[in-house]
Amino acid sequence: MSDSEKNLKIKLAPSILSADFGCLNEEIKSVEEFVDVIHVDVMDGHFVSNITLGAPVVKFIKSKLPLDVHLMIENPEKFVKDFAEAGAARIVVHSEACGENLRAVLMTIRSLGCECGVSIKPATSVEAVKDVLDLVDEVLVMTVEPGFGGQSFMEDMVPKIRELRDLGYEGDIAVDGGINDKTAPICIDAGANLLISGSYFFKASDKKEAAEKIRGIL
Ligand code: DX5
Ligand code: ZN
């Protein structure tokens, strides 16, 4: 870990995919004091084979923490405005869903007043996002195949984190999928600073303890 990486704030983002959607705002409120950001997974049944929620639901999420919206959808450019208006602080799109338009989509997100990020699926290399590193607040390295919570961490994704830092990228590097007390330290050590955790965090009876374990301070 380099000195600049040591200075990066380690942030924890619970993925509400593993929360009880019937009482989402209460669930969020009960974890707010232990985490930094709320991670919202949006799936359309096309880009991934699962459907979750859309902008009308995001609009009703109440939190004092910023909402990071992870769009696992096709044609994200059609919907970014809706999510910006629904209250997203940061919108993360998949490079695979944007193709040639990636830079333009990210600029649109910026113009809507949100932070922007780009995510890569396990089969996508860092090369795919090299040209937009100057523009993004976050690169999200998927550590499972996107679509579902509760899957096993793919350790072979870890070199992508180091590769991004070696390219001089100083923004947030997020990891998403199978993040727990064992896998988070591996990612932090490689240079990740934004840990997204769904099932491990929400299943824990002691959220404070789970948060500290993920951050590596317990
Ligand atoms: C998967 C989602 C993740 C998921 C993580 O496609 O992007 O955010 O909720 O869940 P766990 O931590 O259970 O792997
Ligand atoms: Zn996610």
Side-chain angles (χ1 to χ4, degrees), residues 11-21 24 27-28 31 34-55 57-58 61 63 65-74 76 79-80 83 88-97 109 114-124 129 136-158 160-161 172-188 192-205 207 210-211 213-215:
K11 295 184 282 190
L12 171 58
S15 163
I16 58 163
L17 193 55
S18 295
D20 180 345
F21 276 41
L24 197 48
E27 287 265 272
I28 290 172
V31 301
F34 313 120
V35 303
D36 305 279
V37 176
I38 304 297
H39 183 85
V40 182
D41 286 307
V42 176
M43 306 183 189
D44 66 352
H46 293 280
F47 184 74
V48 292
S49 44
N50 196 6
I51 298 176
T52 54
L53 51 88
V57 174
V58 174
I61 295 178
S63 179
L65 297 176
L67 297 185
D68 274 10
V69 176
H70 177 195
L71 293 183
M72 286 161 277
I73 63 174
E74 282 178 7
F79 303 97
V80 287
F83 287 100
R90 180 179 288 184
I91 299 177
V92 178
V93 292
H94 267 268
S95 73
E96 304 86 359
I109 296 170
C114 297
E115 293 185 340
C116 64
V118 64
S119 180
I120 48 175
K121 296 208 289 189
T124 305
V129 298
V136 293
D137 302 287
E138 168 181 337
V139 179
L140 196 175
V141 175
M142 287 304 304
T143 44
V144 296
E145 221 30 88
F148 299 90
Q151 303 182 75
S152 299
F153 178 74
M154 296 167 72
E155 193 160 352
D156 49 343
M157 295 300 118
V158 173
K160 292 185 189 177
I161 304 168
D172 286 338
I173 297 183
V175 280
D176 187 6
I179 299 301
N180 57 37
D181 57 334
K182 309 276 183 309
T183 57
I186 300 170
C187 299
I188 294 171
N193 68 305
L194 177 52
L195 292 313
I196 299 160
S197 181
S199 48
Y200 171 79
F201 182 71
F202 275 102
K203 272 186 197 156
S205 50
K207 300 284 190 295
K213 281 184 174 168
I214 293 171
R215 292 179 201 275

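Counting starts at 1 for both ligands and their atoms, in listed order. Keep in mind the model is a prediction, meaning the values are calculated, not measured.
For the residue pair D41/H39, the side-chain donor-acceptor check at 3.5 Å is satisfied.
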Need the list: ligand 1 N/O atoms against protein N/O atoms, distance under 3.5 Å, rounded to one decimal.
{"unit_1": "ligand 1", "atom_1": "6 (O)", "unit_2": "G147", "atom_2": "N", "d": "2.8"}
{"unit_1": "ligand 1", "atom_1": "7 (O)", "unit_2": "D41", "atom_2": "OD1", "d": "3.0"}
{"unit_1": "ligand 1", "atom_1": "7 (O)", "unit_2": "H70", "atom_2": "ND1", "d": "3.4"}
{"unit_1": "ligand 1", "atom_1": "7 (O)", "unit_2": "D176", "atom_2": "OD2", "d": "2.9"}
{"unit_1": "ligand 1", "atom_1": "8 (O)", "unit_2": "S15", "atom_2": "OG", "d": "3.4"}
{"unit_1": "ligand 1", "atom_1": "8 (O)", "unit_2": "D41", "atom_2": "OD1", "d": "3.2"}
{"unit_1": "ligand 1", "atom_1": "8 (O)", "unit_2": "D41", "atom_2": "OD2", "d": "2.7"}
{"unit_1": "ligand 1", "atom_1": "8 (O)", "unit_2": "D176", "atom_2": "OD1", "d": "2.6"}
{"unit_1": "ligand 1", "atom_1": "8 (O)", "unit_2": "D176", "atom_2": "OD2", "d": "3.0"}
{"unit_1": "ligand 1", "atom_1": "9 (O)", "unit_2": "S15", "atom_2": "OG", "d": "2.8"}
{"unit_1": "ligand 1", "atom_1": "9 (O)", "unit_2": "D41", "atom_2": "OD2", "d": "3.2"}
{"unit_1": "ligand 1", "atom_1": "12 (O)", "unit_2": "G198", "atom_2": "N", "d": "2.8"}
{"unit_1": "ligand 1", "atom_1": "13 (O)", "unit_2": "G150", "atom_2": "N", "d": "2.8"}
{"unit_1": "ligand 1", "atom_1": "13 (O)", "unit_2": "S199", "atom_2": "N", "d": "3.0"}
{"unit_1": "ligand 1", "atom_1": "13 (O)", "unit_2": "S199", "atom_2": "OG", "d": "2.5"}
{"unit_1": "ligand 1", "atom_1": "14 (O)", "unit_2": "G178", "atom_2": "N", "d": "2.8"}

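In this structure, K160 contributes its side chain and T124 its backbone to a donor-acceptor pair below 3.5 Å.
Listed by first and then second residue, the side-chain hydrogen bond (donor to acceptor under 3.5 Å, both in side chains) pairs that reach into residues 144-157 come to none, sequence neighbours excluded.
Scanning both residues, E96 and S119, for their nearest heavy atoms gives OE1-O, 3.8 Å.
Two residues are said to be in side-chain contact when any heavy atoms from C-beta on lie closer than 4.5 Å; I61 and V40 meet this criterion. Residues L195 and V175 meet the side-chain proximity criterion, which asks for heavy atoms closer than 4.5 Å. Within the 4.5 Å cutoff, side-chain heavy atoms of L140 are placed close to those of I196.
Protein atoms of type N/O/S that fall under 2.8 Å from the Zn ion (ligand 2) number 4 in this view.
Salt-bridge annotation for D172 and K11: present, with a side-chain N of the basic residue lying under 4.0 Å from a carboxylate O of the acidic one.
Remark: F47 engages H94 in a ring-ring contact (aromatic ring centres under 6.0 Å, His included) (not counting sequence neighbours).
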